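In what follows, chains are A, B, ... by sequence order, proteins preceding strands, each numbered from 1. Remember, it's a predicted structure, so these values are computed and weren't measured experimentally.
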Amino acid sequence: MAMKDIVKITADTISLDEIAKSVQDPKAGAISTFSGTTRDNFEDKVVKTLAYEAYIPMAEKSMKSLITAARSKWDDLIHVAIVHKIGDCPVGETSVVIAVSSGHRQQGLEAVHWLIDELKVQVPIWKKEVYATGGPDGSDGGEVWKANSSLP
Amino acid sequence: MSHFKVLYFASAKDASGKESEEFEWFEGIGCEKLTQLLVERHPDLAPVLKTSMFAVNMEYMDQGLSWTVQPRDEVAVIPPVSGG
């Protein structure tokens, strides 16, 4: 059985539906997914827009190695897809989707959880938040490159 | 003359004002020497490099191990990542 490892970094809008469909398989009893969306606040600041950038070839390579590592930890996985958006990502839009098909649900759910945690730690992608000015929150605008909680 | 390429992302790109540039290669450029070369050219990179990692040819370099840049290597300054 040919198992698909799908990784993509794209400036296009991400569709959870399409990505979930891309991992469908007659042998799958489960398709587990994670969908990350951009939130509109950081501490007391109002986020106006967000933008992602990536070291695209390394990010794709790194996502592929995460899939390989996941397959060695969980042997019930069938197809795995990781798609991350770059460029402007308005508040509320999907920034990342992970979808895993598996024979049974347990390993798929575990793999999805592990994949998003590892992606946030080691895949070279960066998020910039641009804050609103003069809003009721009293923030004075500005922009910040964010950092996830731990380094590899 | 041999060169190597340095790529800057996120806060490193803001601090250097560039996406990438070439450096002249010579023998023995490890983590410390590389940091020094980058800061000499772009003093604003100093605070960014304190929290960044280097990737060479798309592999993270372990700061505890000894490694040196080779001619035509692609070095990337990787500030703390924030994907997801």
Side-chain angles (χ1 to χ4, degrees), chain A residues 7 9-10 14 34-39 42 47 50-66 82-86 89 94-98 112-130 142-152, chain B residues 3-23 30-32 34-35 38-39 42-70 72-84:
Chain A
V7 303
I9 299 210
T10 177
I14 296 181
F34 171 81
S35 167
T37 56
T38 49
R39 72 170 80 81
F42 171 68
V47 176
L50 300 98
Y52 286 91
E53 81 169 50
Y55 180 6
I56 296 173
M58 181 172 168
E60 291 186 337
K61 183 180 166 207
S62 165
M63 295 189 314
K64 274 185 198 145
S65 15
L66 287 180
I82 307 179
V83 180
H84 203 295
K85 186 169 166 39
I86 50 168
C89 193
T94 304
S95 54
V96 61
V97 166
I98 296 179
V112 165
H113 191 172
W114 183 83
L115 285 166
I116 185 59
D117 285 356
E118 290 297 313
L119 178 146
K120 289 181 83 95
V121 171
Q122 48 177 293
V123 177
I125 298 176
W126 298 270
K127 176 168 76 175
K128 183 162 73 177
E129 288 183 350
V130 180
E143 52 182 53
V144 169
W145 286 104
K146 307 294 290 179
N148 289 340
S149 53
S150 56
L151 283 168
Chain B
H3 290 80
F4 63 96
K5 191 176 188 181
V6 177
L7 307 181
Y8 303 103
F9 294 96
S11 54
K13 183 168 71 181
D14 292 349
S16 68
K18 287 175 184 263
E19 290 189 3
S20 73
E21 64 188 332
E22 298 279 325
F23 279 77
C31 183
E32 216 171 295
L34 181 58
T35 303
L38 296 181
V39 172
H42 305 289
D44 290 351
L45 273 176
V48 176
L49 292 174
K50 284 198 167 68
T51 58
S52 294
M53 299 193 61
F54 289 122
V56 177
N57 301 327
M58 303 199 288
E59 294 282 347
Y60 285 114
M61 291 294 106
D62 191 322
Q63 273 143 334
L65 296 176
S66 69
W67 50 272
T68 54
V69 176
Q70 301 304 308
R72 293 178 300 284
D73 270 355
E74 179 176 280
V75 175
V77 178
I78 312 277
V81 299
S82 45

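- Side-chain atoms of Y55(A) do not come within 3.5 Å of backbone N or O of A55(B) as any donor-acceptor pair.
- For N57(B), the part sitting under 4.5 Å from any heavy atom of chain A is the backbone (N, CA, C, O) and nothing else.
- For the side-chain contact (heavy atoms from CB on, under 4.5 Å) criterion with M58(B), the lone passing option out of P57(A), S62(A), P124(A) is P57(A).
- Applying the 6.0 Å contact sphere to CD of Q70(B) captures more than 12 heavy atoms from other residues, nucleotides or ligands.
- In this structure, the portion of A54(A) lying under 4.5 Å from any heavy atom of chain B is its backbone and not its side chain.
- With a threshold of 4.5 angstrom between heavy atoms, W126(A) approaches chain B through its backbone and through its side chain.
- Within the 3.5 Å criterion, the main-chain N or O of N148(A) finds no donor-acceptor partner in the side chain of S82(B).
- The contact between Y52(A) and chain B is made entirely by side chain atoms (from C-beta outward), counting heavy-atom distances below 4.5 Å.
- More than 12 heavy atoms of other residues, nucleotides or ligands shown are found within 6.0 angstrom of CD on E22(B).
- Looking at H84(A), its side chain never comes within 3.5 Å of a backbone N or O of G83(B) through a donor-acceptor pair.
- Looking at K61(A), the atoms closer than 4.5 Å to chain B (heavy atoms on both sides) all sit in the side chain, from C-beta outward.
- Of all heavy-atom pairs between P80(B) and A147(A), the closest is CB-CB, 3.6 Å.
- Near-neighbour residues of residues 3-11 of chain B relative to chain A, defined by a heavy atom under 4.5 Å from a heavy atom of that chain, comprise L7(B), F9(B), A10(B), S11(B).
- Scanning all heavy atoms of the two residues, the minimum distance from V121(A) to V81(B) falls at O-CG2, 3.3 Å.
- In this structure, the separation between CD on E74(B) and CE on M58(A) is 10.0 Å, given to the nearest 0.5 Å.
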